[in-house]
Amino acid sequence: MSSVDYDAFRTEVKAFLANALSENLKEKIRLGLPMTKADHEEWHAILNDKGWLAVNWPVEYGGTGWDGMQRQIYEIEACLANAPRVVPFGLAMMGPILQKFGNDTQKAYFLPRILNGEHWWCQGYSEPGAGSDLASLKTKAVRDGDHYVVNGQKTWTTLAQHANWIFCLVRTDPNAKKQEGISFLLIDMTTPGVEVRPIELLDGDCEVNEVWFDNVRVPVENLIGEENEGWTYAKYLLTHERTNIAGVGFSNANLIALKAIAQKEQLNGQPLADNPRFAARMAEVEIDLMAMATTNLRTIAKVASGQAPGVESSMLKIKGTEIRQEIDDLTRRAVGPYAVPKSLDALAEGNNNEQIGPDYAASASVKYFNNRKLTIFGGSTEVQRSIISKSVLGL
Amino acid sequence: MSSVDYDAFRTEVKAFLANALSENLKEKIRLGLPMTKADHEEWHAILNDKGWLAVNWPVEYGGTGWDGMQRQIYEIEACLANAPRVVPFGLAMMGPILQKFGNDTQKAYFLPRILNGEHWWCQGYSEPGAGSDLASLKTKAVRDGDHYVVNGQKTWTTLAQHANWIFCLVRTDPNAKKQEGISFLLIDMTTPGVEVRPIELLDGDCEVNEVWFDNVRVPVENLIGEENEGWTYAKYLLTHERTNIAGVGFSNANLIALKAIAQKEQLNGQPLADNPRFAARMAEVEIDLMAMATTNLRTIAKVASGQAPGVESSMLKIKGTEIRQEIDDLTRRAVGPYAVPKSLDALAEGNNNEQIGPDYAASASVKYFNNRKLTIFGGSTEVQRSIISKSVLGL
Amino acid sequence: MQFGDTEDRRMLSDMLRRFLAENYANDMRSKLAETQSGFSAEIWAGLAELGIIGALFSEEVGGFGGAGFDISTVFEELGRAGTVEPLLDTLYAGGLIADLGDEAQKELLAPVIAGEKQIAFAHGEPGSRYDLSHVETHAAQTAAGFTLTGAKSVVGNGAAADTIVVSARTSGEVRDANGISLFVVPVNAKGLSRKPYAKLDGGNAAEIALDGVEVPSSALLGPLGCAFDAIEFRAASAITAICAEALGAMEQAKDLTVEYLKTRQQFGRPIGKFQALQHRMVEILIDVEQARSAVINAADHLEGDRLTRERMVSAAKNLIGRTGRRISEECVQMHGGIGMTEEYALSHFARRLILIDHVLGDADHHLERFIALGKSA
Amino acid sequence: MQFGDTEDRRMLSDMLRRFLAENYANDMRSKLAETQSGFSAEIWAGLAELGIIGALFSEEVGGFGGAGFDISTVFEELGRAGTVEPLLDTLYAGGLIADLGDEAQKELLAPVIAGEKQIAFAHGEPGSRYDLSHVETHAAQTAAGFTLTGAKSVVGNGAAADTIVVSARTSGEVRDANGISLFVVPVNAKGLSRKPYAKLDGGNAAEIALDGVEVPSSALLGPLGCAFDAIEFRAASAITAICAEALGAMEQAKDLTVEYLKTRQQFGRPIGKFQALQHRMVEILIDVEQARSAVINAADHLEGDRLTRERMVSAAKNLIGRTGRRISEECVQMHGGIGMTEEYALSHFARRLILIDHVLGDADHHLERFIALGKSA
């Protein structure tokens with residue numbers, strides 16, 4: 001790992017980002033405006049051209065082959081530059097699973113299409129009755145000749161409205177207990193019987209969806225690995241080092257943005273940033289973030305030395321989302337009365353309302369509300385605590 | 001309740017306290033010095049002469065007959081005047097239980113002796129293996145003629161070193177489950193076989209003890225109520241309105257003392273009280289206390305109107321001890337480096353060491369450490385939470 | 001030790017609770033959010049008819065209440081039902097007219113109490129944050145009256161109001177308490193323009209530009225340059241009201257969450273059987289009881305001396321801000337994803353509890369104010 | 001990304017851990033508390049023999065270490081074992097002599113490193129709280145040297161020290177950074193009197209009165225009036241050390257608590273099976289890992305540029321102060337009564353974690369310092 005010149009790498013990343021990002025994308029991210037499908041696709045294509053789309057894939061599959069430190073540097077710089085996040089479902093989730101558990105045909109077919117954008121993936125794990133508890137997974141797949149017939153419902157499916165493929169956990173053995181009898185199936189969402197229904201969240205945003213399956217016929221070739229072994233593959237992502245679970249890049253960029261807002265907001269004729277209590281809160285979260293960035297690097301170093309992480313992921317998820325939410329909370333508080341207007345609509349494309357209050361205030365509340373999900377989705381804080389309690393503490 | 005002139009009552013209380021308290025007692029309480037047995041006895045005798053020792057006993061038994069508001073007023077004024085607390089085991093615990101469940105002989109014999117100080121009571125509930133969990137109570141009492149023979153061990157017995165009587169929960173039916181098969185027994189601690197051993201706590205203080213019973217013969221007349229029904233009587237104190245469970249008087253007086261310390265301590269040439277963050281912490285706890293004082297009065301009003309409290313006691317215990325600990329914590333923090341010396345010893349009677357640092361600093365750490373017990377003893381915060389969860393929330 | 005709990009108020013509360021339970025459905029709010037006013041005209045008429053608007057005003061101006069506990073009683077129920085109707089703005093603006101108005105101005109209140117007219121108080125400005133004395137908007141005296149120039153921001157009910165009480169400076173520096181005057185201005189006054197919008201938690205507001213708005217001398221509400229005390233007092237009423245509303249919202253959020261914990265199954269049993277969630281739920285319960293006491297303290301002292309009143313009011317707003325956030329976040333977290341969905345009622349209460357902290361001063365503002373008031377005690 | 005974890009340091013750490021595990025029993029601490037020095041002469045000699053004191057100093061002055069990670073490695077183990085020996089004071093006072101001393105003064109360090117002599121740094125004063133530049137003690141220049149007058153408070157190891165480094169002002173105002181000088185003073189100097197006492201968490205300290213103490217010119221340590229930078233740097237070393245010690249204490253407190261949760265039975269099962277306690281235990285684990293990273297950050301930058309070093313050091317002391325309190329209180333609470341008893345080891349760690357916040361600046365002090373340093377960045 002020590003052979004890489006990280007300073008030179010950082011310079012290269014900065015230069016690329018300064019060049020590659022359009023004003024439109026940067027401005028949307030800065031203001032917290034919703035990204036369209038075209039926005040995402042534009043950015044993915046730029047990264048793919050540069051060869052930087054798949055930061056955690058090995059070079060042989062078209063990835064960057066970066067080490068952990070490089071990934072952290074890239075992540076921090078990309079967030080600071082207001083680059084859009086890379087949609088993780090194909091790149092950070094489906095890709096690694098295919099690389100680890102897919103057969104050669106699957107790898108050859110799917111991996112390039114993740115990179116070139118032909119396939120947009122979404123994740124079908126959660127169900128209305130089974131959030132953290134996969135034992136009660138109900139969506140079932142019944143073998144019928146060389147197809148599975150899938151019936152059931154997934155929920156909390158992020159960005160399913162843009163996706164044309166979904167990777168699903170489905171029950172193939174109805175008699176098996178707990179996490180057994182579950183298979184990992186790839187489903188073309190253009191197949192008849194697949195329906196996507198949006199869920200409106202408390203921030204007014206529609207990022208998540210329900211996905212319904214009504215007698216959807218899926219070729220058996222789309223099974224990953226062995227039938228009834230799906231949980232093993234899904235679990236791999238939980239213990240395998242996940243890109244960016246700590247969210248150091250987001251927190252770092254958001255904290256810098258918060259500090260700028262606190263300089264602009266006035267309190268009794270002084271910048272809010274000089275209010276001792278507000279300054280103290282910003283400083284405490286900065287101190288927590290400085291420590292967590294090092295915890296993140298320690299974990300990366302551990303993985304690089306060949307040890308499996310595991311529980312570190314859970315700890316970084318808990319602390320990382322806590323820090324992100326704290327920064328979002330302070331940002332909401334910083335904008336004062338301008339947290340109240342539903343003002344993001346006014347700024348959005350194709351809407352010619354004028355802006356209400358300072359532009360940085362527009363997304364403050366919405367982002368705060370939206371990011372309450374950080375401690376719920378992707379394995380809630382409570383679930384992570386139980387994992388750690390069991391595996392590290394032995395309780 | 002509305003017939004009482006509370007302002008006049010407050011004036012009377014203030015006048016009495018100003019007169020009755022010796023300089024020695026006031027100074028000891030102010031400095032947080034340990035109270036001797038003689039100190040306690042002195043104060044109890046003064047109160048008993050005035051007829052104000054048993055604040056929550058009815059007049060017929062020699063109590064004040066005060067209503068809840070009067071008790072809160074008295075409590076606040078007594079704490080402000082640096083009066084010692086009344087040792088609760090006889091007056092607040094044994095007394096009410098005797099009045100409710102004792103037979104006439106027991107009442108006639110024991111109640112006057114609580115008031116005149118002949119009997120000093122302590123409480124024998126906890127055991128090494130049974131803190132919050134009385135089902136595993138092991139101290140046993142076996143009937144032998146007109147005596148019970150008691151064997152076992154109690155622990156966390158506060159001020160047992162001064163006591164000559166102990167009220168105990170003992171197992172009389174070894175086959176009964178859970179909280180059944182337990183009896184409520186009064187034991188003369190001068191009986192052969194009773195031994196008291198001090199437990200040193202992390203503040204260096206020796207307030208709590210182990211009490212050992214080795215074939216201790218207790219006359220059957222000393223049984224309260226029915227055999228095997230002891231838990232019913234003990235439980236009564238938990239649901240019955242307890243004096244001072246919210247600790248409004250302590251918190252109020254301690255907060256005022258804290259504010260005075262924060263005025264004296266200097267930070268960068270300014271009083272610590274003017275440091276915005278320290279001032280904010282003091283203000284937040286004051287606000288919490290103002291609300292809790294009203295919650296306390298609401299509970300008192302509810303009881304006065306004939307409703308049983310119950311869960312309110314648990315809520316007041318949780319919040320009240322949290323507030324007291326927060327004030328203790330701020331006081332410790334306020335004194336800065338002078339929290340470190342073991343300086344209370346230097347101030348204690350018969351010790352001619354000079355004082356180290358300002359006198360208000362001497363007890364700050366010790367009090368902080370000692371009062372960690374507030375959320376542990378008398379039904380820990382965790383136990384109270386479980387009680388509330390079950391009884392109010394139905395979870 | 002009545003804590004304002006009289007027979008009359010119990011009846012008022014029962015009546016209002018019943019009315020809202022019968023007429024206020026959760027899906028109504030999202031429909032209302034699409035309208036210009038953001039609230040329901042039918043509900044408004046119903047509230048007027050029940051005397052709820054009147055309960056906020058004294059008999060002297062045609063109401064039948066107006067005391068601190070009347071206000072807290074009404075708003076607790078509004079909060080419990082999650083209403084988005086502009087009663088807060090009506091209380092705030094209407095209270096100023098009631099306190100300072102001459103006979104002619106007070107007549108404006110009759111149609112307000114009857115539910116026929118809408119009013120608002122335009123006081124906050126782009127740079128004022130939560131400071132009540134920060135007024136840059138300027139009123140220049142003319143032969144015929146005054147000319148108002150300035151900008152007002154996040155004016156609650158500003159989009160729906162027919163009449164707006166506007167604060168403007170007639171003397172002094174930007175953050176002086178002295179020199180602030182009030183004016184009663186019809187929304188169609190020349191030079192007054194509005195940018196209306198919806199609030200994230202329902203109802204409407206507006207940015208208001210005053211570009212040389214000419215008003216007659218009769219528009220002046222109360223004595224020239226001396227409006228601050230009245231504004232402070234009515235802010236205290238409004239804060240008491242919004243704290244009581246928050247209390248109601250907390251109770252509702254708590255009840256929804258307890259219910260959810262009892263019914264939602266995971267790992268083969270209701271999640272309410274998990275001790276970690278039980279203990280957190282108890283903390284919420286304790287927070288709610290603390291909030292209730294804080295509201296009682298504020299309501300109880302609303303008619304008392306200024307210093308005690310303001311300390312109690314700032315104490316309440318601080319405590320409600322802190323506990324409101326905790327309850328909002330914890331209830332959503334304990335629900336999981338469902339707690340974030342628009343169609344489930346909790347999301348409204350969670351949002352409302354957070355945004356209440358952004359109205360009439362947040363927890364930080366009122367803590368600093370409480371400290372400052374303590375020094376002048 | 002080595003995080004200071006070299007083969008040599010791993011050996012040092014293993015050796016020290018083994019030595020303390022074999023020689024440091026919990027009941028020893030309460031016996032030591034009765035002695036004048038409050039610590040064990042045997043352990044001290046053992047530490048010297050193992051080279052632990054030497055590990056805190058560079059080779060130049062006769063040690064074999066002295067880098068940030070050497071210090072953190074040693075102190076983490078001291079913290080884990082709950083030692084009360086005065087290594088912190090030795091590092092602080094000895095470091096100043098190493099950095100500023102002339103050849104003659106540096107010779108004082110050999111018997112210190114060999115464990116034969118005790119030193120202390122008398123810097124804090126009754127009014128200084130945590131401010132390093134607050135020095136009222138005055139040094140008047142005389143023909144033969146200097147006359148020191150003033151009072152020093154809570155001088156760690158002040159009761160046991162043979163030699164004391166004393167800070168005194170030779171120019172400037174009370175809280176000026178400029179004008180502070182250091183002097184090496186033997187404890188038997190005329191006019192120096194000590195009030196020795198035990199510390200609540202073990203070891204000794206003293207109040208020191210300087211009543212016209214005459215010292216020769218050769219007592220001056222470093223250049224006249226310019227000691228502040230060296231004090232700040234050595235305070236940074238000492239803070240890194242005490243943070244690492246806190247980390248070790250946290251680990252021990254955590255391990256004791258996990259063990260207790262596994263063995264203590266209540267309601268028919270180990271209390272570690274109760275989810276509410278499990279989840280709180282996990283928060284402790286996360287706090288410990290955050291503390292570990294903060295210590296690494298401080299140690300890693302101890303030899304770096306001043307601004308980054310001081311920011312990292314203040315960040316660490318703040319984070320350690322916050323998490324130390326939480327861990328101390330939570331571990332005691334989860335133990336219940338037993339956690340408060342003197343005979344059970346946890347009580348020592350709980351007390352130490354709290355009182356560490358009162359040494360070399362508490363969490364508040366360092367947070368404000370971190371903010372101020374950020375402005376000058």
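A note on names: the letters A, B, ... follow the listed sequences, proteins ahead of strands, and every chain is numbered from 1. Being a predicted model, the structure only gives us computed values, none of them experimental.
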Point to revise | C:Met11 atom CE, neighbour heavy-atom count above 12 within 6.0 Å | key: no
Study note, to complete from the structure: If one checks every heavy atom of C:Gln275 against chain B at 4.5 Å, the contacting part turns out to be side chain
Practice item. Please state whether the side chain, the backbone, both or neither of B:Ser386 comes within less than 4.5 Å of a heavy atom of chain C. Key: both
Point to revise | Considering all heavy atoms, the nearest C:Gln278-B:Leu395 contact | key: NE2-C, 3.8 Å
Check your understanding: Can you name the nearest heavy-atom pair linking B:Thr294 to C:Phe3, along with the distance?
Key -> CG2-CE2, 4.2 Å
Practice item. With a 4.5 angstrom heavy-atom cut-off, could you sort out which part of C:Ile286 is near chain B: side chain, backbone, both or neither? Key: both
Check your understanding: Tell me, side chain or backbone of B:Leu316 under 4.5 Å from chain C's heavy atoms, or both, or neither?
Key -> neither
**Study point:** Residue, of C:Lys254, C:Arg292, C:Arg322, C:Met281, that accumulates the most heavy atom pairs under 4.5 Å with chain B
**Key:** C:Arg322
Point to revise | When C:Asn318, C:Asp300, C:Asn297 are compared by non-hydrogen pairs under 4.5 Å with chain B, the top option | key: C:Asn297
Check your understanding: Taking atom NZ of C:Lys262 as the centre, does the number of heavy atoms from other residues, nucleotides or ligands within less than 6.0 Å exceed 12?
Key -> yes
Practice item. May I have the step-by-step check of side chain to side chain contact (heavy atoms under 4.5 Å, CB included) for B:Met290 and C:Met312, ending in yes or no? Key: CA-CA 9 Å; B:Met290 283 160 59; C:Met312 290 295 175; 3.4 Å; yes
Review point. Are any of the side-chain nitrogens in C:Lys375 or B:Asp274 under 4.0 Å away from the carboxylate oxygens of its partner?
Key: yes
Review point. For the atom pair CD (C:Glu259) and CG (B:Leu393), what is the distance rounded to the nearest 0.5 Å?
Key: 11.5 Å
**Study point:** C:Glu289 bridged to B:Lys319 by N-O distance under 4.0 Å
**Key:** no
Practice item. Can you measure from CD (C:Glu283) to CZ (B:Arg385) and round to the nearest 0.5 angstrom? Key: 4.5 Å
Point to revise | Shortest non-hydrogen contact from B:Ala291 toward C:Ser293 | key: O-CB, 3.1 Å
Check your understanding: Out of curiosity, B:Ser389 OG to C:Lys273 NZ, how far, rounded to the nearest 0.5 Å?
Key -> 8.0 Å
Revision key, fill the gap. Scored by heavy-atom pairs under 4.5 Å with chain C, the best of B:Asp288, B:Ile388, B:Ile318 is B:Asp288
Review point. Do C:Leu367 and B:Ile287 have side-chain heavy atoms sitting under 4.5 Å apart?
Key: yes
